[in-house]
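Structure, as structure tokens:
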Amino acid sequence: MHENNRVIVAGGGPAGLIATLALAQQDIPVLMLEVQPQPVDHRRATTFHPPTLEYLRQLGAVDSVIENGRITPIWQFRDRQEGLVAEFDLAAIKDQTDYPFRVQYEQMNLNKVLYRMLENYTHVDVRFGHEVLSANQDADGASVQVKISDGEQTLHGLFVVGADGSRSNVRRSLGIGFEGFTYEEKIVQYGTHFDIGAALPDVSGVAYISDPDEWCVLLHLPEYWRISFSSRDGEDDETALRDDIAEARMAAFLGQSGATVALQRSIWRIHQRVADDFRKGRIVLVGDAAHINSPMGGMGMNSGVHDAMNLADKLGQIWRSEADHSVLDRYTRQRRYVAQEDVRQQTIRNTKFLNEKDPAARRESLDAMRAVADNPQKHHTFLMNSSMLAGLRTANAMD
Ligand SMILES: Cc1cc2nc3c(=O)[nH]c(=O)nc-3n(C[C@H](O)[C@H](O)[C@H](O)COP(=O)(O)OP(=O)(O)OC[C@H]3O[C@@H](n4cnc5c(N)ncnc54)[C@H](O)[C@@H]3O)c2cc1C
């Protein structure tokens, strides 16, 4: 690989991996740099929406997600006191997509599949243990300053893709702001082998459950149930993750004891932030480096995959001299629109549905959600938005 004739991708999470694979499939040489010594195995995203499955099919990566994930056509909004509020069935949009369902599958498993696929491309160079400290550029190319075990080095290329997550050094080195806010509540996440489907027979494999004091989310993964609660005022993280506290919390929710923590326990902060710009010259941001949002709705990783596909397509056009660099401004317009006007708005609404404390506002929001689910036209529109199809199509049509 000629050192100047390549794209450098900083970060080997879902956004960086998809960008690398989509570039590699256009015969573009890529150097991907990941700070960790091996693929990261955080249990974070689990929901794959229809347009993401369509993109993964385009890359030849959808089969293992569908075969090893849990296909989930129906999902619910519930309330801890009132039970089922609204049920949505993605079969209602089967005229709009070949994948009228969500797939529940761990993001870390997708990462492993993608790392394996990249091994097939001799023009892809993946380097672990490489921390990108900053990105720079001049008229002819771009470079990154990298920390490795025995010092620092400068690596050159034609473009840099900043896919280095929410604390992105690439974004910071460009001086791009990351405006927004952080919620007071955190998410306390437990994984259990307890059969939640048997304990709550009418529950679907994805359920968002509102409560003024302790809202929660249920996700049925292939190997286990993940149950996430809002954090409690004044409870420190260590206490929230203790077995006795976790088991008492799950027993109070399920109305029976027996659920123990397996596979996973973690605590996450929830943010809503969008970068002021997604591009400076030859350096472009994708995924969490460009935007982070509440996971209520399962959209962060999905939109990072959509960013990566959009950008790889445009970099391919530049590579083949079919477009000039201004096409990267179109990338920013399209993807920043989704982050700011679509994902941010939907995930703020979803989070508010879950944690609304004012009784009158709660009643109004539960009634409004029921009305949407009961009206076929509104049900269809809601599914087009929540499955990310509508926002993506609007963005892709933008100049
Ligand atoms: C609890 C929880 C649940 C979620 N559920 C969902 C969901 O169901 N659906 C969904 O779509 N999204 C979900 N998300 C969001 C999703 O996890 C993120 O949006 C997604 O991980 C973003 O991918 P990314 O590749 O942009 O960033 P990351 O996954 O953060 O990957 C960034 C990579 O860059 C590496 N890196 C960082 N800094 C450097 C550096 N300086 N140099 C080199 N490498 C670096 C990191 O090690 C990492 O491998 C959830 C998030 C949380 C916290």
Side-chain angles (χ1 to χ4, degrees), residues 8-20 31-49 51-53 69 72 75 102-108 110-112 114-115 126-135 144-148 155 160-173 183 186-191 206 208 217 219 221 226-229 264-271 273 275 285-308 311 335 339 343 346-347 350 386-388:
I8 298 176
V9 175
L17 285 160
I18 293 285
T20 302
L31 170 65
M32 197 183 83
L33 304 169
E34 165 59 45
V35 64
Q36 297 299 329
Q38 60 203 24
V40 176
D41 60 357
H42 290 158
R43 292 183 186 269
R44 287 164 67 182
T46 61
T47 293
F48 286 71
H49 287 292
T52 308
L53 298 169
T72 310
W75 61 277
R102 294 174 167 206
V103 177
Q104 295 304 119
Y105 181 70
E106 304 248 22
Q107 119 181 20
M108 64 176 192
L110 173 72
N111 289 355
K112 286 179 198 151
L114 296 172
Y115 274 109
V126 174
R127 297 189 199 169
F128 290 100
H130 281 58
E131 181 184 4
V132 174
L133 301 173
S134 61
V144 286
Q145 190 65 19
V146 175
K147 189 168 147 198
I148 48 177
L155 298 167
V160 170
V161 177
D164 49 345
S166 59
R167 295 180 184 165
S168 171
N169 281 348
V170 173
R171 185 189 67 239
R172 288 174 193 197
S173 73
Y183 290 91
K186 297 184 213 166
I187 300 176
V188 184
Q189 210 169 268
Y190 311 124
V206 173
Y208 300 97
V217 178
L219 300 167
L221 286 148
R226 185 189 282 180
I227 175 162
S228 307
F229 294 98
Q264 168 190 32
R265 66 189 78 212
S266 41
I267 296 204
W268 301 94
R269 281 212 164 279
I270 323 175
H271 311 269
R273 295 181 189 278
L285 303 175
V286 293
D288 278 18
H291 45 75
I292 45 174
N293 53 268
S294 157
M296 302 309 141
M299 297 183 171
M301 174 199 66
N302 284 269
S303 57
V305 169
H306 304 177
D307 292 345
L311 178 60
R335 297 311 305 164
V343 170
Q346 290 202 62
T347 56
N350 290 343
S386 56
S387 68
M388 305 183 77

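All of these numbers come straight from a predicted model, not from anything done at the bench. Values reported hereafter were calculated over all heavy atoms of this structure, with side chains retained and with hydrogens, waters and symmetry mates removed. Each ligand, and each atom within it, is numbered from 1 in the order the structure gives.
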With the side chain counted from C-beta on, respond yes when Met32 and Tyr115 share a heavy-atom pair under 4.5 Å apart, and no when they do not.
-> yes

Residues at least two apart in sequence or cross-chain that pass ring-ring contact (aromatic ring centres under 6.0 Å, His included) with His49, listed by chain then number, are none

Pairwise side-chain contact, Asn293 with Gln346, heavy-atom cut-off 4.5 Å (strictly under) | no

Report the residues that fulfil side chain to side chain donor-acceptor pair (under 3.5 Å) with Arg43, sequence neighbours left out, ordered by chain and then residue number.
-> Glu106

Sequence neighbours excluded, which residues qualify as side chain to side chain contact (heavy atoms under 4.5 Å, CB included) partners of Arg167?
-> Arg172

Collect the protein residues that have a non-hydrogen atom under 4.0 Å from ligand 1 and hand them over in chain and number order.
-> Gly11, Gly12, Gly13, Pro14, Ala15, Leu33, Glu34, Val35, Gln36, Val40, Arg44, Ala45, Thr46, Thr47, Gln107, His130, Glu131, Val132, Ala163, Asp164, Gly165, Asn169, Gln189, Trp268, Gly287, Asp288, Pro295, Gly298, Met299, Gly300, Met301, Asn302

So, Gln104 and Thr47: side-chain donor and acceptor under 3.5 Å apart, yes or no?
-> yes

